[in-house]
Amino acid sequence: MICLTTKNQQLKTKIMIWNKNKECMSREEMRQLQGARLRKLVDNVYHNVPFYREKMQAMNIMPDDIKTIDDIKKLPFTTKQDLRDNYPFGLNAVPQSAIVRVHASSGTTGNPTVVGYTRRDLAVWSESIARCLGAFGASREDTISVAYGYGLFTGGLGLHYGVEHLGASVVPTSSGNTDKHILLIKDLGITGVACTPSYALHMAEVMRKKGITPEDLKLRIGIFGGEPWTENMRKSLEEKLQINAYNIYGLSEIMGPGVSHECECKNGSHIIEDHFFPEIINPETCEVLPEGEQGELVFTTLTKEGMPLLRYRTKDLCSLIYEPCECGRTSVRMTRIMGRSDDMLIIRGINVFPSQIESVILQLPEFEPQYLLVVTRENNRDNLEVQVELKEEYYSDEINKTIEMRDKLARRLQSVLSISADVKIVSPNTLERSVGKSKRVIDKRVLE
Ligand code: DLL
């Protein structure tokens, strides 16, 4: 553990580089390490994951063909669909007895994406989060509330064990109870809060209404991610809460939060590259793009044991920054996520695919397969409205019958999506029909 004094005047604290050996390695040393880890990984998946063995055989690649990290280009890609096709544990490289935890996130339809972790995977995860927290200026002196959801979502438990690994105190508030959370921030002298940026804005608003000012609190660090946000949102959060707000990025398939993180320079997120190797590809052609170009982010899990993945297509669009960072870390940085190359929506931090909603609607005989999703953000809270057309034969003047059908669909959606939606039943033939690709989603949220 190393302490550096930051150049950033705004952050009047000592910044720690948690694992200087790995975070400040020379680029050549890093490439050597990545190459060695890739060779081991490929050998492992070839012998232990039939899916990868078959893919590699079909491409005429043997583990011996992988010699340096540059040979990664020879390897097959992995997609969310591959995870679904091998549901639940078909991509695991270890026996079930070695799996000590399972998380899951939304699949496009039907099956969720399930990820199994070994004890060592969890240790790597906690250490990665400790690196992030160190970069945010947190130390064992801090008390950090984790207001990401605890459960199948990786946000809650991921941050939780990382905070403990750092040696700080964790307050597992989970998401939801804003009043109690604010009370705890005040009474326990909480110094850091981990949640989605939209929830943090909501919390700031509730505090303002309660007459609580930043001077009443010890809060100084915001650990925000799980959904896209902007520089203006950072400015607003830093002003309203008088904190330093940092971006943390990750995805369950690769590990969860902690795949990359900002540092005090707040100029791109450092990728934990000794564990997660990044590439940027053209999402149409899958060709690797030259340094600095924007495209789809792809990760290879260099050290994962439970469910190692080769070249996993995240569908997140961004670019990579290879120039050294002033903070002293040598790792590649990624820009903010600019969008997605698929139609996934993130609503209140939860991933939602329009196809999931469609499949629920199709299961109910009362409705036409005609729907429109309208997403809005009011008072920093996302709202999902599902407009759906009733079939002629179910059309009735009795209001109770319509309410019954609406509530039934709302309950089904809640159980599949894990978030509530406002269902609005519309009369037959009222939703606009399109000639070409139908427009199913209107996202009115403007992230300023
Ligand atoms: O959202 C893990 C996470 C939890 C990250 C808490 C950070 C904090 P998933 O539910 O699998 O995992 O969703 C992953 O969320 O592919 C991005 O599209 C989006 N995402 C996550 N973090 C960020 C971020 C977690 N900082 C998907 N900025 C990813 C923009 C983000 N998008």
Side-chain angles (χ1 to χ4, degrees), residues 78-80 83-84 102-108 112-115 117 125 128-129 132-133 135-136 144-163 172 174-175 192-200 222-231 233-234 237 245-262 266 268-272 276 278 283 296-299 301 307 309 312-319 333-353 356 382 417-419 443 445 447:
T78 313
T79 62
K80 210 175 189 52
L83 266 64
R84 285 193 62 214
V102 173
H103 280 283
S105 78
S106 312
T108 43
T113 304
V114 173
V115 185
Y117 301 75
W125 191 5
S128 300
I129 300 269
C132 304
L133 297 169
F136 302 158
I144 297 174
S145 61
V146 177
Y148 289 114
Y150 278 63
L152 290 176
F153 179 54
T154 49
L157 288 172
L159 258 302
H160 182 102
Y161 288 105
V163 174
S174 194
S175 49
V193 57
C195 61
T196 56
S198 56
Y199 182 67
I223 301 153
F224 302 138
E227 64 183 12
W229 57 305
T230 59
E231 283 308 309
M233 283 171 80
R234 182 195 327 257
L237 282 163
Y246 294 103
N247 192 20
I248 183 165
Y249 166 88
L251 60 162
S252 350
E253 293 88 332
I254 297 303
M255 184 181 70
V259 171
S260 76
H261 61 87
E262 284 181 332
K266 297 179 184 163
S269 292
H270 291 273
I271 295 173
I272 307 228
F276 314 112
E296 184 183 329
L297 183 61
V298 168
F299 279 112
T301 61
M307 193 184 77
L309 294 179
Y312 181 71
R313 295 188 55 181
T314 64
K315 305 276 174 174
D316 287 326
L317 302 175
C318 69
S319 59
R333 284 167 288 157
M334 56 187 265
T335 60
R336 282 189 186 276
I337 302 298
M338 315 294 198
R340 303 243 335 148
S341 63
D342 66 2
D343 57 357
M344 186 180 92
L345 298 160
I346 304 184
I347 299 172
R348 278 171 255 145
I350 307 275
N351 303 347
V352 174
F353 289 94
Q356 287 176 290
D382 293 336
L417 307 177
S418 308
I419 54 160
D443 195 340
R445 290 173 295 184
L447 300 187

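Each ligand, and each atom within it, is numbered from 1 in the order the structure gives. Just so we're clear, the structure is a prediction, and the values are computed from it rather than from any experiment.
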Could you tell me, atom by atom, which parts of ligand 1 come under 4.0 Å of a heavy atom of [X]?
X      : value
Ile337 : 30 (C), 32 (N)
Ile346 : 15 (O), 18 (O), 19 (C)
Tyr249 : 22 (N), 23 (C), 24 (C), 26 (N), 31 (C)
Phe153 : 1 (O), 4 (C), 10 (O), 25 (C)
Pro257 : 2 (C), 3 (C), 4 (C), 5 (C), 6 (C), 7 (C), 8 (C)
Arg340 : 16 (O), 18 (O)
Asn247 : 24 (C), 26 (N)
Gly250 : 2 (C), 5 (C), 12 (O), 14 (C), 21 (C), 22 (N), 25 (C), 29 (C)

Q. Considering only heavy atoms, which of Thr154, Asn351, Val115 lies nearest to atom 10 (O) of ligand 1?
A.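 Heavy atom nearest to atom 10 (O) of ligand 1 belongs to Asn351.
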Q) Out of Ser269, Ser252, Gly149, whose heavy atom sits nearest atom 11 (O) of ligand 1? A) Ser252
For residues [X] and [Y], determine if any side-chain heavy atom of one lies less than 4.5 Å from a side-chain heavy atom of the other.
X      : Y      : value
Glu262 : Ser269 : yes
Lys80  : Asp342 : no
Arg336 : Glu231 : yes
Thr154 : Ser105 : no
Arg313 : Pro283 : yes

Q. Among protein heavy atoms, which sits nearest to atom 18 (O) of ligand 1, and what does the distance come to when rounded to 0.1 Å?
A. Asp316 OD1, 2.7 Å
(Q) For atom 24 (C) of ligand 1, what's the nearest protein heavy-atom neighbour? Residue, atom name and distance, please. (A) Glu227 O, 3.6 Å
Q) Step by step, would you call His103 with Tyr117 a ring pair (Phe, Tyr, Trp, His ring centres under 6.0 Å)? A) CA-CA 8 Å; His103 280 283; Tyr117 301 75; 5.6 Å; yes
Q: May I ask you to check if ligand 1 and Ile248 share an N or O to N or O distance below 3.5 Å?
A: yes
Q.
Would Gly226 count as a polar contact of ligand 1, with the cut-off being nitrogen or oxygen pairs under 3.5 Å?
A.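 Such a contact does occur with ligand 1.
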Q. Should Tyr148 and Ser175 be marked as a side-chain contact (heavy atoms from CB on, under 4.5 Å) after you check the CA-CA gap, both sets of side-chain angles, and the distance that decides it?
A. CA-CA 5 Å; Tyr148 289 114; Ser175 49; over 6 Å; no
Q. When rounded to the nearest 0.5 angstrom, what distance separates CD1 in Ile337 from CD in Glu227?
A. 12.5 Å
Q | Point-to-point distance, once rounded to the nearest 0.5 Å, from CD1 of Ile254 to OG of Ser128 | A | 12.0 Å
(Q) Can you tell me which portion of Leu251 lies within the under-4.0 Å heavy-atom range of ligand 1? Options are side chain, backbone, both, or neither. (A) both
Q | Whether Arg234 side chain and Asn247 backbone form a donor-acceptor pair below 3.5 Å | A |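 No, because the side chain of Arg234 does not come within donor-acceptor range (under 3.5 Å) of the backbone of Asn247.
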